[in-house]
K.L.:
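Got a structure here, written out as structure tokens. Questions coming.
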Amino acid sequence: MDIEVIKRNTVEIIPEDELFEKLKRSEKLRVKLGIDPTAPDIHLGLAVVLRKLRDFQDLGHQAVLIVGDFTAKIGDPSGRNKTRPQLTDAEIKENMENYKPQIFKILKEKQTEFRYNSEWLGKLSSEDIIKLAAKFTVAQVIERDDISKRLKKNEPIALHELLYALFQGYDSVAVRADIELGGTDQKFNLLFGRELQRVFGQELQVAIMMPLLEGLDGVRKMSKSYGNYVGITESPKEMFGKLMSIPDTLILKYLELTTNLNEIEINNIKRNLKEGTNPRDIKLRLAREVVSIYHSQEEARKAEEEFLQVFSKKELPTEIPSYTPQEKKIWIVKLLVDSGLAPTRNEARRLIEQGGVKLDRITVKDTNLELEIEKDIILKVGKRKFLKIKVR
RNA sequence: GGGGAGAUACCCAAGUGGCCAAAGGGGGCAGACUGUAAAUCUGUUGGCGAAUGCCUUCGAAGGUUCGAAUCCUUCUCUCCCCA
């Protein structure tokens, strides 16, 4: 029943019958996934795809990770309405330093081949590129959704962006991919890989598309640049809190895509939800499951306790960072800025005026308050920022 | 090569001489409520200042004017049409 494991949570498999064929041959298949070295953190959205790759590993297949160091210099136009900024080699290298340990939180290191695509793309000569490009037409390249949308909206498209799919497709040729994984936004690129393989007389890869996970805002896809992501290396506390902040409408999708719960358990939860279980409790379960995957059950339990303590009971968290001001007597606005709780004095004033600043549970009303620090005092800003102000 | 349109804050977008630190929406932040960092509602959203205020910001640089996002000149970039 390998096929069921593989199909679970996928959106589309093109073509499905070729996948059956490949699986039937009972060879070790090479499953390719391109990763973008521009984002130094892996988040739950990318983890959806990585976890699928892990499914393949568990069935004995080989993961082939392509670090798009060369293609990052082009910038994938997928899902973008703007030309991406180009990265320097140094930036890419730095990002990748952080990357590997994160990846192996999900993948098995043994069954993972790690390749940089500059290895082959960097060697292509102008002549090679012209030969490759000659195999395809402009119409083929601009039919892709994101490019054609930008064309329609009269937005600029740089010439090199049109070559993106060509290079990513060539990766598939270079590593002889049997299967390529990606989000639904990668459809065009994945299919273009097949075209390249056809040109080179290889067996065509099967494209498997995973759903895109919406971020914490519930609207846009999870992405570092939108700031709506949960990083898999974040602290249990942060991770837990962020998961509690997803909109109720996304609960089931998150349960399916980010936890190890099986379909029976998810169906149970679905029924509970319909019968009126408090969605908050289901989110607590979700957060617990996810934190357990990337940290531990114990940490997850602690994070939950902490969450209930701070947000439901409105008590103090167990650990509060501390700050010791230089002066004994300090203007409250200056204190907020100096301690990093507010970026500017105007912002600090605004927070006070709106009742967002508390000293030992008492709301600060006066922006001119001169605070005499005689004993340690707890400064609270908004719902979740705490700081212990210490006597000098 | 010729003709036309455009560049506004984190993003989208209005504004064509003073009432513009700049409408509206999104996002962010805060408050209320709650079931929670959900939903909804309200407020707020350049910096400095206790404050009348001052400084920076409407692609860039100059200019006109008592006064410029707005008018003029040059430049940079983008899009469209023709060749």
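A note on names: the letters A, B, ... follow the listed sequences, proteins ahead of strands, and every chain is numbered from 1. The shown structure was predicted, so the numbers you read here are calculated from the model rather than taken from an experiment.
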K.L.:
Using the C1' atoms only, state how far B:G47 lies from B:U57, rounded to an integer number of Å.
P.N.:
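Their C1' atoms lie roughly 10 Å apart.
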
K.L.:
Paired with B:A23 by Watson-Crick or G-U wobble geometry, both distances under 3.5 Å: which nucleotide is it?
P.N.:
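Pairing partner, where one exists within any strand: none, as none qualifies.
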
K.L.:
Is the positively charged end of A:Lys242 above the ring of A:Tyr229, judged by distance under 6.0 angstrom from the centroid and angle within 45° of the axis?
P.N.:
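Pair A:Lys242/A:Tyr229 counts as cation-pi.
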
K.L.:
When you measure only distances, ignoring hydrogens and angles, does the side chain of A:Asp248 come within 3.5 Å of the base of B:G35 through a donor and an acceptor?
P.N.:
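Side chain to base: pair present.
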
K.L.:
Suppose we define a pair by two distances each less than 3.5 Å, Watson-Crick or G-U wobble; what does B:A37 pair with here?
P.N.:
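Looking at the geometry, B:A37 pairs with no nucleotide.
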
K.L.:
Of all the choices, B:A37, B:A50, B:G35, which nucleotide is nearest to the side chain of A:Trp331 once you look at every atom?
P.N.:
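Per side-chain heavy atoms of A:Trp331, the pick is B:A50.
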
K.L.:
B:G15 and B:C71: how far apart are their C1' atoms, nearest whole angstrom?
P.N.:
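Roughly 16 Å separates the two C1' atoms.
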
K.L.:
Please give the nucleotide sitting opposite B:U76 as a Watson-Crick or G-U wobble pair, both distances under 3.5 Å, or none.
P.N.:
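Answer to the pairing question: B:A7, which forms a Watson-Crick or G-U pair with B:U76.
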
K.L.:
Which part of the nucleic acid does A:Lys358 contact within heavy-atom distance under 4.0 Å: base, sugar-phosphate only, or nothing?
P.N.:
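The residue A:Lys358 makes no contact with any strand.
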
K.L.:
Tell me whether the side-chain N/O atoms of A:Asn346 come closer than 4.0 Å to OP1 or OP2 in B:C48.
P.N.:
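Result: yes.
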
K.L.:
Rounded to whole angstrom units, what separation is found between the CD1 atom of A:Ile246 and the P atom of B:A39?
P.N.:
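So the two atoms are 11 Å apart, to the nearest Å.
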
K.L.:
How far, in whole Å, is B:U45 from B:G26 if one measures between their C1' atoms?
P.N.:
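Approximately 13 Å lies between the C1' atom of B:G26 and that of B:U45.
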
K.L.:
Give the rounded distance in Å between these two atoms: NZ of A:Lys149 and P of B:C79.
P.N.:
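After rounding, the gap between these two atoms is 20 Å.
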
K.L.:
Between B:U74 and B:C20, how far apart are the two P atoms, rounded to whole Å?
P.N.:
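Rounded to whole Å, the distance is 32 Å.
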
K.L.:
On RNA chain B, nearest-nucleotide positions of A:Gly241 versus A:Arg220: which is more 5'?
P.N.:
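The answer here is A:Arg220.
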
K.L.:
May I have the step-by-step check of side-chain hydrogen bond (donor to acceptor under 3.5 Å, both in side chains) for A:Glu306 and A:Thr318, ending in yes or no?
P.N.:
CA-CA 7 Å; A:Glu306 182 90 3; A:Thr318 40; 2.7 Å; yes

K.L.:
Just checking A:Thr249: base, sugar-phosphate only, or nothing, at a heavy-atom cut-off of under 4.0 Å?
P.N.:
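If one applies the 4.0 Å heavy-atom cut-off, A:Thr249 turns out to touch nothing in the nucleic acid.
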
K.L.:
Counting only Watson-Crick or G-U wobble pairs whose two distances fall under 3.5 Å, which nucleotide matches B:A30?
P.N.:
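Result: B:U42.
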
K.L.:
Which nucleotide, in any strand shown, forms a Watson-Crick or G-U wobble pair with B:U70, with both distances under 3.5 Å?
P.N.:
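Pairing partner: none.
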
K.L.:
Could you check whether A:Arg30 pairs with A:Glu113 (Lys NZ or Arg NE/NH1/NH2 to Asp/Glu carboxylate O, under 4.0 Å)?
P.N.:
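Looking at A:Arg30 and A:Glu113, the cut-off is met.
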
K.L.:
Look at all strands and tell whether A:Arg349 reaches a base, only sugar-phosphate, or nothing, counting heavy atoms closer than 4.0 Å.
P.N.:
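The answer is base, as A:Arg349 lies within the cut-off (heavy atoms under 4.0 Å) of a base atom.
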
K.L.:
Pairing check on B:A14: which nucleotide meets the Watson-Crick or G-U wobble criteria with it, both distances under 3.5 Å?
P.N.:
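Paired with B:A14, as far as the under-3.5 Å criterion goes, is no nucleotide at all.
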
K.L.:
Does NZ or CZ of A:Lys105 fall inside the cone over A:Tyr294's six-membered ring, less than 6.0 Å from its centre and within 45° of the axis?
P.N.:
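No cation-pi geometry.
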
K.L.:
Output the single nucleotide from B:G35, B:A50, B:C79 whose closest atom is nearest the side chain of A:Pro156.
P.N.:
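Of the options given, the side chain of A:Pro156 lies nearest B:C79.
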
K.L.:
Write out all pairs satisfying salt bridge (charged side-chain N to carboxylate O under 4.0 Å, His left out) with one or both partners inside residues 264-277 of chain A, taking only residues at least two apart or from two chains.
P.N.:
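Qualifying pairs: A:Glu265-A:Arg285.
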
K.L.:
Just call it for A:Ile251: base, sugar-phosphate, or nothing, with non-hydrogen atoms closer than 4.0 Å on any strand.
P.N.:
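Here A:Ile251 touches no strand at all.
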
K.L.:
Are the side chains of A:Gln168 and A:Phe192 in touch, meaning some heavy atoms are under 4.5 Å apart?
P.N.:
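SC-SC contact between A:Gln168 and A:Phe192 ruled out.
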
K.L.:
Is A:Thr344 near enough to B:G47 that one of its side-chain N or O atoms lies under 4.0 angstrom from OP1 or OP2?
P.N.:
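Checking B:G47 against A:Thr344, a side-chain N or O does come within under 4.0 Å of OP1 or OP2.
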
K.L.:
Between the protein and nucleotides 28-30 of chain B, which nitrogen or oxygen pairs are less than 3.5 angstrom apart?
P.N.:
{"residue": "B:A30", "atom": "O2'", "partner": "A:Gln354", "partner atom": "O", "Å": "3.0"}

K.L.:
Tell me if the centroids of the rings in A:Phe70 and A:Tyr116 come within less than 6.0 Å of each other.
P.N.:
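No.
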
K.L.:
Return the nearest nucleotide to the side chain of A:Met244; candidates are B:C79, B:A37, B:G35.
P.N.:
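In terms of side-chain proximity for A:Met244, the closest of B:C79, B:A37, B:G35 is B:A37.
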
K.L.:
Can you tell me how far C1' in B:A69 sits from the matching atom in B:A39, rounded to whole Å?
P.N.:
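Those two atoms are separated by 39 Å.
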
K.L.:
Across all strands, who's sitting opposite B:C54 as a Watson-Crick or G-U wobble pair, both distances under 3.5 Å?
P.N.:
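Across any shown strand, B:C54 pairs with B:G47.
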
K.L.:
Output yes when A:Lys32 and A:Asp178 qualify as a salt bridge under the 4.0 Å nitrogen-oxygen rule, no when they do not.
P.N.:
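Answer for the salt bridge query: no.
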
K.L.:
Select base, sugar-phosphate, or nothing to describe what A:Pro279 touches, counting heavy atoms under 4.0 Å on all strands.
P.N.:
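Counting heavy atoms under 4.0 Å across all strands, the contact made by A:Pro279 includes a base.
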
K.L.:
Does this structure show an ion pair linking A:Glu195 with A:Lys135, if we count only N-O contacts that are shorter than 4.0 Å?
P.N.:
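No.
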
K.L.:
Which whole number of Å gives the distance between the P atom of B:C10 and that of B:G6?
P.N.:
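Result for the P pair: 24 Å, nearest Å.
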
K.L.:
In whole angstrom, give me the gap between the P atoms of B:G2 and B:G46.
P.N.:
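Comparing P positions in B:G2 and B:G46 gives a spacing of 44 Å.
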
K.L.:
Using atom C1' in both nucleotides, what's the gap between B:A9 and B:A14 to the nearest angstrom?
P.N.:
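Between the two C1' atoms, the distance is 13 Å.
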
K.L.:
Once you apply the 3.5 Å cut-off to both distances, tell me the Watson-Crick or G-U wobble partner of B:U64, or none.
P.N.:
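Here B:U64 is not engaged in any pair, so there is no nucleotide opposite it.
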
K.L.:
Side chain of A:Phe307 only, heavy atoms from C-beta on: which candidate in B:C79, B:A37, B:A38 is closest?
P.N.:
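It is B:A37.
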
